[in-house]
Amino acid sequence: VQLQAFGGGTVQAGDSLRLSCVVSGGALSVYSMSWFRQAPGKERDFIAGIRWTGGITSYADSVKGQFTISRSNAENTVYLQMNSLKPEDTGVYYCAAGAGMIPKSSQWYAYWGQGTQVTVSS
């Protein structure tokens with residue numbers, strides 16, 4: 001399974017961004033697809049996840065109501081719509097694929113994209 005993430009950039013506080021993660025290879029139906037964020041000097045934290053089959057979603061408390069994860073079966077792509085961005089949303093965003101019901105720990109994800117930088121200025 002190969003993942004390619006893109007869509008990051010530098011924005012002002014209050015702006016929106018949509019990240020995309022294009023997935024290829026493997027049987028996508030068995031995977032949970034998630035986004036993680038790694039701020040400078042911090043661990044990689046779970047942000048949002050979605051089951052490829054059924055579309056069940058899960059969010060970190062810090063982004064509920066602010067971020068939305070979705071997927072397109074036709075395009076083999078997972079999206080992360082980020083609204084009302086804040087400086088604390090700054091970090092490298094990674095998409096990942098793993099087995100199970102949307103694990104929150106990065107150790108359960110076998111496949112990772114290369115990361116895309118999001119910088120939110122105040």
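Source: prediction; values computed, not measured.
A donor and an acceptor atom, one from each side chain of Q117 and T119, are located under 3.5 Å apart.
Taking the ring centroids of F36 and Y109, they lie under the 6.0 Å cut-off.
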* Applying side chain to side chain donor-acceptor pair (under 3.5 Å), run through K104 and S58 and close with a yes or a no. => CA-CA 9 Å; K104 305 301 188 295; S58 179; 3.2 Å; yes
* Give the intermediate values and the outcome of salt bridge (charged side-chain N to carboxylate O under 4.0 Å, His left out) for residues D61 and K64. => CA-CA 5 Å; D61 288 342; K64 282 181 180 177; 3.1 Å; yes
* When you look at Q2 and W112, which way does the side-chain contact (heavy atoms from CB on, under 4.5 Å) test go after all the steps? -> CA-CA 8 Å; Q2 292 82 44; W112 291 85; over 6 Å; no
* Do S62 and R37 pass the side-chain contact (heavy atoms from CB on, under 4.5 Å) test, and can you show the C-alpha distance, the side-chain angles, and the key distance before you say yes or no? -> CA-CA 12 Å; S62 59; R37 177 173 68 203; 4.2 Å; yes
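Of all heavy-atom pairs spanning Y111 and V1, the tightest one is CD2-O, 3.5 Å. Between N83 and Q66, the shortest heavy-atom contact is O-CG, 2.9 Å. Nearest heavy atoms, P103 versus W108: CB-CB, 3.6 Å. Of all the heavy atoms in A97 and M33, the pair that sits closest is CB-SD, 3.5 Å.
For residues 3-113, the disulfide bond (SG atoms under 2.5 Å apart) pairs, not counting sequence neighbours, are C21-C95.
Y79 and V23 fall into different hydrophobic clusters, where Ile, Leu, Val, Met, Phe, Trp and Tyr are joined by side-chain heavy atoms under 4.5 Å apart, directly or via other members. Both Y31 and V78 belong to a single network of hydrophobic side chains, linked directly or stepwise wherever heavy atoms of I, L, V, M, F, W or Y lie under 4.5 Å apart. Each of Y94 and Y59 belongs to its own hydrophobic cluster when Ile, Leu, Val, Met, Phe, Trp and Tyr are linked at side-chain heavy-atom distances under 4.5 angstrom. Cluster membership for V118 and V22, using ILVMFWY side-chain heavy atoms within less than 4.5 angstrom, is not shared. Residues V92 and L80 do not share a hydrophobic cluster, clusters being chains of Ile/Leu/Val/Met/Phe/Trp/Tyr side chains in contact below 4.5 Å.
Put simply, OG1 on T77 and CD on Q4 are 10.0 Å apart, with the number rounded to the nearest 0.5 Å. From F46, atom CZ reaches atom OG of S106 across 11.5 Å, with rounding to the nearest 0.5 Å. Once rounded to the nearest 0.5 Å, the distance linking OG of S121 with CD of Q12 reads 4.0 Å. To the nearest 0.5 angstrom, W35 atom CH2 is 15.5 Å from D45 atom CG.
Side chain of T90 to backbone of E88: no donor-acceptor contact under 3.5 angstrom is found. A side-chain donor-acceptor contact under 3.5 Å links R51 to the backbone of G100. Under a 3.5 Å cut-off, the side chain of T116 and the backbone N or O of G8 do form a donor-acceptor pair.
Contacts of V11 classified as side-chain contact (heavy atoms from CB on, under 4.5 Å), with partners at least two apart in sequence or in another chain: D15, L17, L85, V120. Partners of N73 according to the side-chain contact (heavy atoms from CB on, under 4.5 Å) rule, which considers only residues two or more places apart in sequence or in another chain, are W52, R71.
In Q107, the CD atom is crowded: over 12 heavy atoms of neighbouring residues, nucleotides or ligands sit closer than 6.0 Å.
Ring geometry for F67 versus Y93: interplanar angle of 30 to 60°, hence tilted.
Counting heavy atoms from C-beta outward, S70 and Q81 have side chains that stay 4.5 Å or more apart. Between S34 and I50, the closest side-chain pair of non-hydrogen atoms is not below 4.5 Å.
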